[in-house]
Amino acid sequence: MTDVKKYITGLIKNSLPEIDSEISFDIPKEINHGDLTSNIALVFSKKAGKKPRDFATEIINTINFDKNIISKVEIAGPGFINFFIAEDFYRNILNEILNNKSEFGKSDLNKDKTANLEWVSANPTKPLHAGHGRQICLGKAIANLLEWTGYKVTREYYYNDAGNQMNKLAESVYARYMQIIYPEFPFPDEGYHGEYIKNIASLIYEMRKDSLKDKFDDEETKEFFKTAGENYNFKIIRNTLNKLGIHHDIFFNESDLYNNGEIKNLIEEFKNRKIAYEKEGALWLRMEESEGFDKDKVIVKSSGEPTYRLPDMAYHIDKIKRGYDLILDIFGSDHGDTYKEVLYGVKKAGYDISNIKVIIHQMVTFKMGNESVKMSGRSDTSYYLDELIDDIGADATQFFFVMRGANTHLDFDIKLAKEQSDKNPVYYLQYAYARICGIFRNAENEFKELISDEFNPSILTDENEINLLKTLSRFPDEVEDSARTFEPHKIITYLNKVASDFHTFYHNNRVLDAEQPEQSKARLKLADATRIVLKNGFGIIGITAPERM
RNA sequence: GCCCAUGUGGUGUAAUGGAUAGCACUACGGAUUUCGGCUCCGUCAGUCAGGGUUCGAGUCCUUGCAUGGGUACCA
């Protein structure tokens, strides 16, 4: 499709040099409006000083289109130019799909470019919460999308192993440990309440018995509890990520930023630039009203510890220095303000932030059919991502989190996700794939003579066949569009169309028919191409392609 | 209060500023039921409200209303 656009653009620009801007194309919703439509006459009529329809007529009269590519050109409505692409063009794409297989849909749009996607980055203080799933699954799909358009992608996890939260973790584990010995031992107000803390404490007690009791004032002991909690939690987190098939290339330790002096350097930089000042024992960053801020922010507390903003800024500066063409962050909307502060700081420290893009997704609510599921972060009733995956499976988890645009609130129906029926959208899609595999198994067993490398695409003339071919041919454009906007849900919308068009074709046309060998061979190839596109699409959104269900 | 995001049939949602607003669930009516339990076709019904920009607005601007999130020397 991209090739056809280029072809038409080239012809128009050669014949009518006065058109100096981009020529944009649409795929019309209405089938009678052709395969591609352009509003160029509407857009340019004013400049040309002509009526849109007259201008459109002039354009198509000056140009001779190759009938083998463009079979018909029409002017319609207020001045749209509708192009009808020759059916042979679509039939030829069938070969392209079959030859490229798992590569079909990839482009070199961003060849030689590098991207860094940082996501998950959950603190090792607790297991991943079900709500984290949205960011996690989105990131997985977006990383895949970027790769499909040619980026070399680094998947990175910012590991928060410093700061106040880790002390709280140590205190919490210690308190649970002490409670094994003295049940009355007080639990810290701001501590982590989850069951998993008790598990860590039990493990420690098994190993060390009561040898650590009352020794929390000792730095070494405190460090021991901290490390034990951190390692335990991070193991759980990584295990959950493994279940989803997510692997990071880099785990970036926050503590490195302290050890290598980058945080200290950044403080100096702010002071030199006179945008940081001391007040009430803390260090403040001056926030400009013109940038949308209404008050200054603390970057170093009076206790001497930086707030989370400062290491975050240093971290982003580190990423900028590593020279990526694209730096991508994904956050929930609960961090919608803080990332702006971080980027502001990076900019004020003198760095170019134009390569940094931030994706913000809205929150998730979970329900079981009509019952809502409470998602308390503090109490023991938390619903963990691990439980969700165990309940509905990794594929449904990945699919449901990615199927809606990031900017809309997500109502996650656990009951629906678990259902093995056509009501469940992931089931519908995977079923289409399994069904095609079924056709091939059937062919292997009973219609071996119909399996052949040779086939005649021109036999595919049925409306349903052409329609399916047209949909399949759009796949590379859909991937590009999805990647450009970082919106993997578009792939799902598209795959639904593929499955739906396939089923319509399948319902009306028998694939395996010994009486019609030529037709069967061609239809098998069409089914194979559909299978390839479905599988490639599944790969991007991060779900498996089951051959049987 | 201020900042950000979002308001689309009964429900959940889709739509680079384009022509008749798409899909799924639900309900009802049909078709296949000889490649897999399925699947296909049809019917009912929708852009929060008011202004504005544009040849053309669900989409852009503005006001109002509603929902979610943020507004810490927590992350």
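Keep in mind that this is a model prediction, so the values were computed, not measured.
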| field | Sugar-phosphate only, base, or nothing, as touched by A:A434 at under 4.0 Å among non-hydrogen atoms | value | base
| message | Nearest 0.5 angstrom please: A:E230 CD to A:T227 OG1, how far? | response | 6.0 Å
| query | Stacking here means centres under 5.5 Å and planes under 30°; does A:Y431 stack on B:G36? | reply | no
| message | Taking the side chain as everything from C-beta on, heavy atoms only, tell me whether A:P127 gets closer than 4.5 Å to A:L385. | response | no
| message | Starting the side chain at C-beta, find the nucleotide from B:C4, B:C25, B:G36 nearest to A:K340. | response | B:C4
| remark: Applying side chain to side chain donor-acceptor pair (under 3.5 Å) to A:N32 and not counting sequence neighbours gives A:E30
| query | B:U11 C1' sits how many Å from A:R404 CZ, rounded? | reply | 11 Å
| query | Which whole-number value in Å describes the distance from A:E419 CD to B:G12 C1'? | reply | 14 Å
| task | In sequence, state the C-alpha distance, the side-chain angles, and the governing distance for A:D329 and A:K319, and then conclude on salt bridge (charged side-chain N to carboxylate O under 4.0 Å, His left out). | result | CA-CA 11 Å; A:D329 290 350; A:K319 285 197 280 191; 3.2 Å; yes
| query | For A:D318, what residues pass the side chain to side chain donor-acceptor pair (under 3.5 Å) criterion, not counting sequence neighbours? | reply | A:R322
| query | Could you give the OH-to-C1' distance, from A:Y339 to B:C4, as a whole number of Å? | reply | 8 Å
| Where each residue is assigned the nucleotide of RNA chain B containing its nearest heavy atom, which of A:F25 and A:D411 is assigned the position nearer the 5′ end? | A:D411
| Partners meeting side chain to side chain contact (heavy atoms under 4.5 Å, CB included) with A:K347 (sequence neighbours left out) | A:E291, A:I353
| query | Rounded to the Å, how far apart are A:D413 CG and B:U26 P? | reply | 13 Å
| When only distance counts, do a donor and an acceptor, one from the side chain of A:R441 and one from the base of B:C35, lie under 3.5 Å apart? | no
| request: Starting from P on B:C35, measure out to CZ on A:F447 and report it in whole angstrom. | output: 9 Å
| field | Whole-Å gap separating C1' (B:U16) and CG (A:D26) | value | 7 Å
| field | Side-chain heavy-atom pair A:F440, A:L524 within 4.5 angstrom cut-off | value | yes
| What is the ring orientation for A:F502 with A:F505, classed by angle as parallel under 30°, tilted 30 to 60°, or perpendicular over 60°? | tilted
| task | Would you please name every residue forming a ring pair (Phe, Tyr, Trp, His ring centres under 6.0 Å) with A:Y344, sequence neighbours left out? | result | A:F293
| Audit row: A:T504, A:N464, side chain to side chain donor-acceptor pair (under 3.5 Å) steps and yes/no | CA-CA 7 Å; A:T504 304; A:N464 296 318; 5.8 Å; no
| said: Using a heavy-atom cut-off of 4.0 Å across all strands, would you classify A:N464 as base, sugar-phosphate, or nothing? | reply: nothing
| When you measure from every atom of RNA chain B, which of residues 488-510 of chain A have a heavy atom less than 4.0 Å away? | A:H489, A:K490, A:T493, A:H503, A:T504, A:Y506, A:H507, A:N509, A:R510
| said: Using a heavy-atom cut-off of 4.0 Å across all strands, would you classify A:G79 as base, sugar-phosphate, or nothing? | reply: nothing
| Under a 4.5 Å cut-off applied to non-hydrogen side-chain atoms, are A:I237 and A:T240 in contact? | no
| said: I'd like to check the side chain to side chain contact (heavy atoms under 4.5 Å, CB included) partners of A:A522; sequence neighbours left out, ordered by chain and number. | reply: A:F455, A:I459, A:L460
| message | Just the rounded figure in Å: distance from C1' of B:C38 to CZ of A:R435. | response | 5 Å
| Inter-nucleotide C1' distance (B:C44, B:C4), Å rounded | 39 Å
| message | Is there a side chain to side chain donor-acceptor pair (under 3.5 Å) between A:D391 and A:Y383? Walk through the geometry before answering. | response | CA-CA 11 Å; A:D391 278 350; A:Y383 189 47; 2.8 Å; yes
| task | Spell out protein contact along nucleotides 42-47 of chain B as letters: B when the base is contacted, S when just the sugar-phosphate is, - when no protein heavy atom is under 4.0 Å; keep the 5' to 3' order. | result | ------
| request: Would you mind classifying the nucleic acid contact of A:A527 as base, sugar-phosphate or nothing, using non-hydrogen atoms under 4.0 angstrom? | output: nothing
| With A:W119 via ring pair (Phe, Tyr, Trp, His ring centres under 6.0 Å) - residues at least two apart | A:H248
| request: Please work out the stems of RNA chain B from pairs that are Watson-Crick or G-U wobble with both distances under 3.5 Å, keeping only runs of three or more consecutive pairs. | output: B:1-7 with B:65-71, B:10-13 with B:22-25, B:27-31 with B:39-43, B:48-52 with B:60-64
| said: Angle between ring planes, A:Y315 versus A:F252, binned at 30° and 60°: parallel, tilted or perpendicular? | reply: tilted
| query | How far, in whole Å, is B:G46 from B:U71 if one measures between their P atoms? | reply | 41 Å
| Which whole number of Å gives the distance between the C1' atom of B:A49 and that of B:U32? | 47 Å
| query | Reading nucleotides 68-75 of chain B 5' to 3', which nucleotides get B (base under 4.0 Å from a protein heavy atom), which S (sugar-phosphate only), which -? | reply | SSBSSBSB
| message | Are the side chains of A:L169 and A:I197 in contact, using a 4.5 Å heavy-atom criterion? | response | yes
| task | With heavy atoms under 4.0 Å as the rule, sort A:M549 into base, sugar-phosphate or nothing. | result | base
| task | Would you please indicate if the ring centroids of A:F400 and A:F412 are separated by under 6.0 Å? | result | yes
| field | Whole-Å C1' distance, B:U26 and B:G64 | value | 34 Å
| Rounded distance in Å between the C1' positions of B:G36 and B:C23 | 24 Å
| Base, sugar-phosphate, or nothing for A:Q420, non-hydrogen atoms under 4.0 angstrom? | nothing
Interface polar pairs with nucleotides 52-60 of chain B, N/O, under 3.5 angstrom:
unit_1	atom_1	unit_2	atom_2	d
B:C55	OP1	A:K46	NZ	2.5

| message | Measuring only the C1' atom in each nucleotide, how far is B:U59 from B:U54? A whole number of Å is fine. | response | 13 Å
| query | Expressed in whole Å, how much space separates the C1' atoms belonging to B:A57 and B:G51? | reply | 14 Å
| field | Quiz item: A:T408 side-chain donor-acceptor pair to B:A5 base, under 3.5 Å | value | no
| said: With rounding to the closest Å, how many angstrom separate the P atoms on B:U67 and B:A31? | reply: 48 Å
| task | Please check the phosphate of B:G37 (OP1 and OP2 only) for any side-chain N or O of A:Y428 closer than 4.0 Å. | result | no
| remark: Residues passing the ring pair (Phe, Tyr, Trp, His ring centres under 6.0 Å) test with A:H503, sequence neighbours excluded, are A:Y428
| message | Using a 4.0 Å heavy-atom cut-off, does A:T125 contact any base of the nucleic acid, only the sugar-phosphate backbone, or nothing at all? | response | nothing
| said: To the closest 0.5 Å, what do you measure between CZ (A:R510) and CG (A:L512)? | reply: 6.0 Å
| query | Counting any heavy atom closer than 4.0 Å, what does A:G438 reach on the DNA or RNA strands: base, sugar-phosphate only, or nothing? | reply | base
| request: Could you check A:T37 against A:G292 and say which one's nearest nucleotide on RNA chain B is further toward the 5' end? | output: A:G292
| request: Round to a whole Å and report the spacing from NZ of A:K423 to C1' of B:U39. | output: 16 Å
